[in-house]
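Read the structure below first, then the notes.
Note on naming: letters A, B, ... go to the chains in the order of the sequence lines (proteins, then strands), and numbering restarts at 1 for each one.
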There are 2 protein chains.
Amino acid sequence: MKKVINQPNNVIEDMVKGMALANEAQWQRIEGTNVIRRKELSPGKVGIVSGGGSGHEPAHAGYVGKGMLDAAVVGEVFTSPTPDQIFEAIKAVDQGNGVLLVVKNYTGDVLNFEMAGELAEAEGIRVEQVVVSDDIAVKDSDNTIGRRGVAGTVFVHKTAGAKAEQGASLDEVKASAEKTITQVRSMGMALSPCIVPDAGKPSFHLEEDEMEIGIGIHGEAGTERKKIASAQEIAEELTNHILEDSGLSAGDEVVVMINGMGSTPEMELFIVNGHVNDLLNEKNISIHDTYVGEFMTSLEMAGFSITLLKVDTEIKQLLAEASEAVAFRV
Amino acid sequence: MKKVINQPNNVIEDMVKGMALANEAQWQRIEGTNVIRRKELSPGKVGIVSGGGSGHEPAHAGYVGKGMLDAAVVGEVFTSPTPDQIFEAIKAVDQGNGVLLVVKNYTGDVLNFEMAGELAEAEGIRVEQVVVSDDIAVKDSDNTIGRRGVAGTVFVHKTAGAKAEQGASLDEVKASAEKTITQVRSMGMALSPCIVPDAGKPSFHLEEDEMEIGIGIHGEAGTERKKIASAQEIAEELTNHILEDSGLSAGDEVVVMINGMGSTPEMELFIVNGHVNDLLNEKNISIHDTYVGEFMTSLEMAGFSITLLKVDTEIKQLLAEASEAVAFRV
């Protein structure tokens with residue numbers, strides 16, 4: 001295992017410490033927790049909390065900032081944060097108008113966020129929860145009932161955050177988040193595995209000429225393992241799966257995200273973007289905007305995912321609102 | 001070689017195509033070239049052009065945008081762009097008040113940018129050039145006379161770009177860029193090599209327990225190859241080298257950049273940041289701001305670099321000015 005770390009069992013404490021120091025003007029670590037919160041909240045706003053296992057940076061702390069999340073709860077590597085930590089985040093950002101929890105669909109996360117929500121409601125804080133399940137590759141997995149939540153989650157952070165910043169009620173913010181969830185689809189692939197520091201060895205093995213299609217952001221099994229194809233073939237295969245599943249068709253308008261899984265050079269992401277663009281043009285699906293970069297990673301896994309978000313006037317407006325989140329500045 | 005590409009000899013064409021489509025509101029490819037330029041220039045402004053070999057993305061196209069570069073010239077992988085391409089960029093962004101070229105110190109880049117500047121001057125365009133040489137690891141190398149230009153270049157883009165946006169003259173913009181160059185120092189390390197697509201094999205070899213200190217962004221030899229140390233030890237070693245070289249001392253104020261080389265998880269960069277912070281605090285050097293992420297990569301090389309920029313009132317103001325560049329939004 002080649003990593004720039006100290007003790008493998010201390011990576012989260014070391015990371016959260018360095019994180020809080022990286023963006024001091026905006027971020028604040030809630031003392032005694034692994035929660036990164038906005039230093040100053042927008043007064044009276046509905047709170048937005050997300051989080052999950054770490055190893056997906058910049059998710060989710062990178063999305064904490066005016067216009068997106070108010071707090072991100074950092075779990076151990078690929079492990080849900082505990083309910084007490086999530087509860088601390090909820091208490092810190094509630095301003096009397098309730099808190100929306102944005103959760104990626106993994107069994108541990110869903111249970112722990114739900115439990116934290118119940119703890120908060122017992123103290124009189126109104127809490128609602130939305131669950132993102134944008135990964136169309138597989139239905140159910142080792143750690144999921146239903147589809148997994150992956151890079152599309154970032155768009156949910158953005159639309160919910162913008163809606164809350166506009167002064168909307170908790171129900172309205174939840175409705176915008178749910179609309180985004182309904183309209184977003186993703187699918188990924190990998191060329192090489194990641195290494196969880198505590199495990200010290202790769203999470204799976206691929207031969208030198210193999211790739212895995214449909215892989216999850218923790219290296220969970222995908223739909224097919226086969227010989228590496230060209231960028232064009234891979235991009236078209238993933239995009240076509242998303243188009244079939246979503247029912248997107250000529251005349252629809254989408255936002256595209258090409259997300260690197262951790263060690264894929266941006267050069268390759270741009271190459272993929274060109275092919276996704278060509279295919280969507282061919283099908284007369286218009287592209288409102290494109291995001292290329294690392295948004296939801298899987299430690300040092302090589303690979304990428306494609307996300308398509310179908311947009312309407314409301315979603316376009318919410319995406320265009322200002323965001324001060326360090327990993328998604330608008 | 002595991003890469004998401006098509007033909008290895010076509011990666012630049014494929015990338016530049018996908019790049020131009022990724023950020024259409026702001027970027028425009030100059031037809032028939034590998035130059036990414038701002039779609040709309042700020043009227044009357046001094047032009048700022050940079051570029052170099054590709055494989056360092058987001059450098060340099062990611063820094064094209066209002067408040068930073070007006071154009072970036074994209075060379076083949078790790079290969080200087082040709083003078084004619086640079087000349088096209090200069091012509092496209094000159095508005096009668098001259099153009100500053102920001103060049104990383106590699107022999108090929110310096111020669112080709114100089115030659116392009118001469119072509120432009122022959123057509124009556126005033127051109128000045130600054131050369132960034134922030135890498136303190138080695139003096140001279142296979143492809144450099146003097147020190148190499150690495151991640152500190154991004155700060156030169158930022159200060160020169162902000163100064164130009166304020167309406168400063170070419171001489172004033174050049175002076176701000178040169179001050180930044182004088183005050184910035186970097187040093188890097190690697191855990192694993194990168195693979196140039198056309199070569200198809202790793203650029204060097206490190207044993208499973210080895211790292212290389214002082215490596216360059218093309219995998220050029222560093223100062224020492226040794227057993228992997230802890231994040232704290234590596235962070236302190238690099239920071240101490242920079243402090244010794246720069247003469248920074250108690251009471252000075254710096255901006256810190258922790259730059260990932262391509263496949264280093266952000267988790268590890270944050271861990272390094274914590275240790276750099278501790279060491280600077282210990283020495284009573286105050287930290288004005290911190291940037292953690294991928295700013296100047298080396299394809300899929302694993303490793304990172306530390307950059308310290310000594311700041312004064314002028315540099316702090318220039319860093320704080322708005323930037324719309326996709327990889328450095330302020």
Completion exercise
Closest heavy-atom pair, A/N6 versus B/S230, reported as atoms and distance to 0.1 Å, is OD1-CB, 3.4 Å
Handout entry: Region of A/V272 that comes under 4.5 Å of a non-hydrogen atom in chain B
Key = side chain
Practice task
Measure distances from A/V292 to the heavy atoms of chain B and classify the residue's part below 4.5 Å as side chain, backbone, both or neither.
Solution key: side chain
Completion exercise
Of the listed A/H56, A/M211, A/E57, the one with the largest count of heavy-atom pairs under 4.5 Å with chain B is A/E57
Problem - Part of B/E294 within contact of chain A (heavy atom distance under 4.5 Å) - result: side chain
Practice task
Pick one of side chain, backbone, both or neither for B/V77, based on which atoms fall under 4.5 Å of a heavy atom in chain A.
Solution key: side chain
Exercise for the section: Mind listing the closest non-hydrogen atom pair of B/E208 and A/M1 along with its distance? Expected result: OE2-N, 3.2 Å
Completion exercise
If you tally heavy-atom pairs under 4.5 Å between each of A/P197, A/A235, A/G18 and chain B, the highest tally belongs to A/G18
Handout entry: Close side-chain approach of A/N273 and B/M19, heavy atoms under 4.5 Å
Key = no
Exercise for the section: Against chain A, label B/L206 side chain, backbone, both or neither, depending on which of its atoms sit under 4.5 Å from a heavy atom there. Expected result: both
Completion exercise
Interatomic distance, CG@A/D14 vs CZ@B/F270, rounded to 0.5 Å, equals 13.5 Å
Practice task
Verify the neighbour count for atom CD of A/E224: are there more than 12 heavy atoms of other residues, nucleotides or ligands below 6.0 Å?
Solution key: yes
Handout entry: Between NZ on residue B/K2 and CD on residue A/E210, distance to nearest 0.5 Å
Key = 6.5 Å
Problem - Side-chain heavy atoms of B/P58 within contact of A/E266, under 4.5 Å - result: yes
Problem - A/A22 portion near chain B, given a 4.5 angstrom heavy-atom threshold - result: both
Practice task
Taking atom CD of B/Q7 as the centre, report whether more than 12 heavy atoms of other residues, nucleotides or ligands fall under 6.0 Å from it.
Solution key: no
Problem - Under-4.0 Å salt bridge between B/K17 and A/D278 - result: yes
Handout entry: Engaged part of A/M301 at the chain B interface, taking heavy atoms whose separation is under 4.5 Å
Key = neither
Problem - Selection from B/Q232, B/E300, B/K3 maximising heavy-atom pairs under 4.5 Å formed with chain A - result: B/K3
Handout entry: Pick from A/V11, A/L269, A/I258, A/V326 with the largest number of heavy-atom pairs that fall under 4.5 Å of chain B
Key = A/V11
Problem - Side chain, backbone, both or neither of A/H275 within contact of chain B (heavy atoms, under 4.5 Å) - result: side chain
Practice task
Test A/T290 against B/E24 for side-chain contact (heavy atoms from CB on, under 4.5 Å), laying out the working first.
Solution key: CA-CA 8 Å; A/T290 303; B/E24 281 187 296; over 6 Å; no
Exercise for the section: Against chain B, label A/V276 side chain, backbone, both or neither, depending on which of its atoms sit under 4.5 Å from a heavy atom there. Expected result: neither
Problem - Smallest separation among heavy atoms of B/I12 and A/M267, with atom names - result: CD1-CE, 4.1 Å
Practice task
Heavy-atom distances under 4.5 Å only: say whether B/I228 touches chain A with side chain, backbone, both or neither.
Solution key: side chain
Fill in the blank from the handout: Residues B/G274 and A/L21: closest non-hydrogen pair is CA-CD1, 4.2 Å
Exercise for the section: Could you give me the CA-CA distance, side-chain angles and deciding distance for B/I271 and A/I5, then say whether side-chain contact (heavy atoms from CB on, under 4.5 Å) is met? Expected result: CA-CA 7 Å; B/I271 292 174; A/I5 59 175; 4.1 Å; yes
